[in-house]
J.: 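Dropping the structure in here first, questions after.
Note that this is a predicted model, so its numbers are computed, not measured.
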Amino acid sequence: MINKIADSVAEALAGVQDGATVLIGGFGTSGNPIELINGLIAQGARDLTVVNNNAGNGDAGLAALLKSGQVRKIICSFPRQVDSYVFDELYRSGKIELELVPQGNLAERMRAAGAGIGAFFCPTAYGTQLAEGKEAREINGKHYVLEYPIYGDVALVKAEKGDRWGNLTYRMSARNFGPVCAMAAKYTVATVHELVELGEMDPEAVVTPGIYVSKVVQVPRVATQAGGFKK
């Protein structure tokens, strides 16, 4: 019997290894799997490469993971917000490496990993510093840059509803990067607020099929908190 429900976050994350590439869903604080991030901090894996839309807000969630010193490198689109002071201090002191990726490229590179695409050409970043060292090609009169997939060892995503097979649905904009993160990783952990019996979810409404999900953890529903401003 397939049952992907884990009793706790700690159980679901017990196997994360040092040096892992961790894909984390969320757009700022929307859809950010904070319970899993806190669980990863407690688990203690180090030398991590983290892939996320941004580089943390305030002192919680991803920012707390960066502050813990467990992250060697971050791959993201928006490393600088008004409340991204944790990343800013780490980067300026040379304690973390940054790979800046345009947002559409970031999503497509993860989607390509999940879809089995070996590489793809994209016009974004052509002629900029972000394209330096990359193969460029003119196709039908337009210039493109060769981009490669981003594969994850682990993905952490926040969903709204799931079942024991790992089928997931999301809540509105909290969906954001969750589906592509789940596709691109070898091992995907999802939190859900609601666990339902098999067959209760309309197959047409399932966004992430259970084949992409390794563990499901039910967590309480807590209002999303905004980032924070340094006092």
J.: Search all heavy atoms of P149 against all heavy atoms of G118 and return the closest pair with its distance.
T.: CD-O, 3.2 Å
J.: To the nearest 0.5 Å, what is the distance between CG on L48 and CD1 on I74?
T.: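 Reported value, rounded in 0.5 Å steps: 11.0 Å.
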J.: Under 4.5 Å between side-chain heavy atoms, hopping through other hydrophobics if needed: is there a path connecting I41 to L36?
T.: yes
J.: Could you give the distance from SG (C122) to NE2 (H143), rounded to the nearest 0.5 Å?
T.: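 Here the interatomic distance stands at 14.5 Å.
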J.: Kindly compute the distance separating CD1 (I34) from CG (N38), expressed to the nearest 0.5 Å.
T.: 5.0 Å
J.: Are Y148 and Y144 grouped together when hydrophobic residues (ILVMFWY) are joined by side-chain heavy atoms under 4.5 angstrom apart?
T.: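 Yes.
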J.: Where the side chain of D83 meets the backbone of N57, is there a donor-acceptor pair that is under 3.5 Å apart?
T.: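 Pair absent, no side-chain N/O of D83 close to backbone of N57.
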J.: With F87, which residues qualify under ring pair (Phe, Tyr, Trp, His ring centres under 6.0 Å), at least two apart?
T.: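 Partners of F87 under the ring pair (Phe, Tyr, Trp, His ring centres under 6.0 Å) test: Y91.
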J.: For atom NZ of K4, is the number of surrounding heavy atoms from other residues, nucleotides or ligands below 6.0 Å larger than 12?
T.: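 For K4, atom NZ is crowded (more than 12 foreign heavy atoms under 6.0 Å).
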J.: CD1 of I211: more than 12 outside heavy atoms within 6.0 angstrom?
T.: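 12 or below, so no.
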J.: Same hydrophobic cluster for V154 and V180, using side-chain heavy-atom links shorter than 4.5 Å among ILVMFWY?
T.: no
J.: If you look at every heavy atom in A182 and T188, which pair is closest and at what distance?
T.: O-OG1, 3.1 Å
J.: Output yes when a side-chain donor or acceptor of R46 lies under 3.5 Å from a complementary backbone atom of G69, and no otherwise.
T.: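 Such a contact is found between R46 side chain and G69 backbone.
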J.: CD of Q17: more than 12 outside heavy atoms within 6.0 angstrom?
T.: no
J.: For E160, enumerate each residue passing the salt bridge (charged side-chain N to carboxylate O under 4.0 Å, His left out) test, keeping only those at least two apart in sequence or located in another chain.
T.: R221
J.: Side chains of V22 and T49: closer than 4.5 Å at any heavy-atom pair?
T.: no
J.: Run the salt-bridge test on K186 and D153 with the 4.0 Å N-O cut-off and return the result as yes or no.
T.: yes
J.: Test side-chain contact (heavy atoms from CB on, under 4.5 Å) on V157 and V189; report intermediate values, then the result.
T.: CA-CA 6 Å; V157 302; V189 181; over 6 Å; no
J.: Is the shortest side-chain heavy-atom distance between T21 and V51 below 4.5 Å?
T.: yes
J.: Do you know the tightest heavy-atom contact between K158 and T191?
T.: CA-OG1, 3.6 Å
J.: E135 side chain to L146 main-chain N or O, any donor-acceptor pair under 3.5 Å?
T.: no
J.: Under the salt bridge (charged side-chain N to carboxylate O under 4.0 Å, His left out) test, which residues partner K215, sequence neighbours left out?
T.: none
J.: Sub-3.5 Å donor-acceptor pair from the side chain of E200 to the main-chain atoms of V196, do we have one?
T.: no
J.: Please report the shortest heavy-atom distance between A6 and A12, naming the atom on each side.
T.: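 A6 and A12 have their closest heavy atoms at CB-CB, 4.0 Å.
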J.: What I'd like to find out is whether the side chain of S8 reaches to under 4.5 Å of the side chain of V217, using heavy atoms alone.
T.: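 In short, these two side chains do not touch, never coming nearer than 4.5 Å.
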J.: If you define the side chain from C-beta out and look only at heavy atoms, does anything of C76 sit under 4.5 Å from N54?
T.: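 No, their side chains stay 4.5 Å or more apart.
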J.: Does the pair V216 and D163 meet the rule for a side-chain contact (heavy atoms from CB on, under 4.5 Å), with working shown?
T.: CA-CA 8 Å; V216 175; D163 60 27; over 6 Å; no
J.: Among side-chain atoms of Y85 and D59, is any donor-acceptor pair under 3.5 angstrom?
T.: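 Checked: Y85/D59 side chains pair up, N/O donor to acceptor below 3.5 Å.
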J.: If we only count heavy atoms from C-beta on, is the V50 to I75 side-chain gap below 4.5 Å?
T.: no
J.: If you measure from CD1 on I24 to CG on N32, what distance do you get to the nearest 0.5 Å?
T.: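 That separation rounds to 7.5 Å.
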J.: Determine whether H193 and P220 make a side-chain contact, defined as any pair of heavy atoms from C-beta on separated by less than 4.5 Å.
T.: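 In short, these two side chains do not touch, never coming nearer than 4.5 Å.
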J.: For N140, what residues pass the side chain to side chain contact (heavy atoms under 4.5 Å, CB included) criterion, not counting sequence neighbours?
T.: none
J.: Nearest 0.5 Å, please: how far is CZ in F27 from CG in N52?
T.: 10.5 Å
J.: Hey, are E132 and K134 close enough for a salt bridge, meaning a charged N less than 4.0 Å from a carboxylate O?
T.: no
J.: With sequence neighbours left out, which residue pairs that include part of residues 92-120 fulfil the side chain to side chain donor-acceptor pair (under 3.5 Å) condition?
T.: N53-Q103, R72-E97, K73-E99, D88-R92, E99-R109, N105-E147, E108-R111
J.: Calculate, to the nearest 0.5 Å, the distance between atoms SG and CG belonging to C181 and L106 respectively.
T.: 8.0 Å
J.: Given side-chain contact (heavy atoms from CB on, under 4.5 Å), test L156 with L23 step by step and report yes or no.
T.: CA-CA 6 Å; L156 309 179; L23 317 180; over 6 Å; no
J.: Less than 4.5 Å apart, side chain to side chain, heavy atoms only: is that true for K161 and L168?
T.: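 The answer is no; the side chains never approach within 4.5 Å.
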J.: Got a sec: does the CD of E138 have more than 12 other heavy atoms crowding it under 6.0 Å?
T.: yes
J.: Consider only side-chain heavy atoms of I, L, V, M, F, W and Y, link residues closer than 4.5 Å, and tell whether V86 and I96 are in one cluster.
T.: yes
J.: Hydrophobic cluster membership, with links at side-chain heavy-atom distances under 4.5 Å among I/L/V/M/F/W/Y: are V16 and V71 in one?
T.: yes
J.: For residues L40 and L65, determine if any side-chain heavy atom of one lies less than 4.5 Å from a side-chain heavy atom of the other.
T.: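 They are in side-chain contact.
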J.: If the condition is side chain to side chain contact (heavy atoms under 4.5 Å, CB included), which residues does A131 pass it with, not counting sequence neighbours?
T.: V145
J.: Where do A107 and F177 come nearest, in terms of heavy atoms and distance?
T.: CB-CE2, 3.9 Å
J.: Could you report the tightest heavy-atom contact between P179 and V207, atom names first, then the distance?
T.: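 Heavy-atom minimum between the residues: CG-CG1, 3.8 Å.
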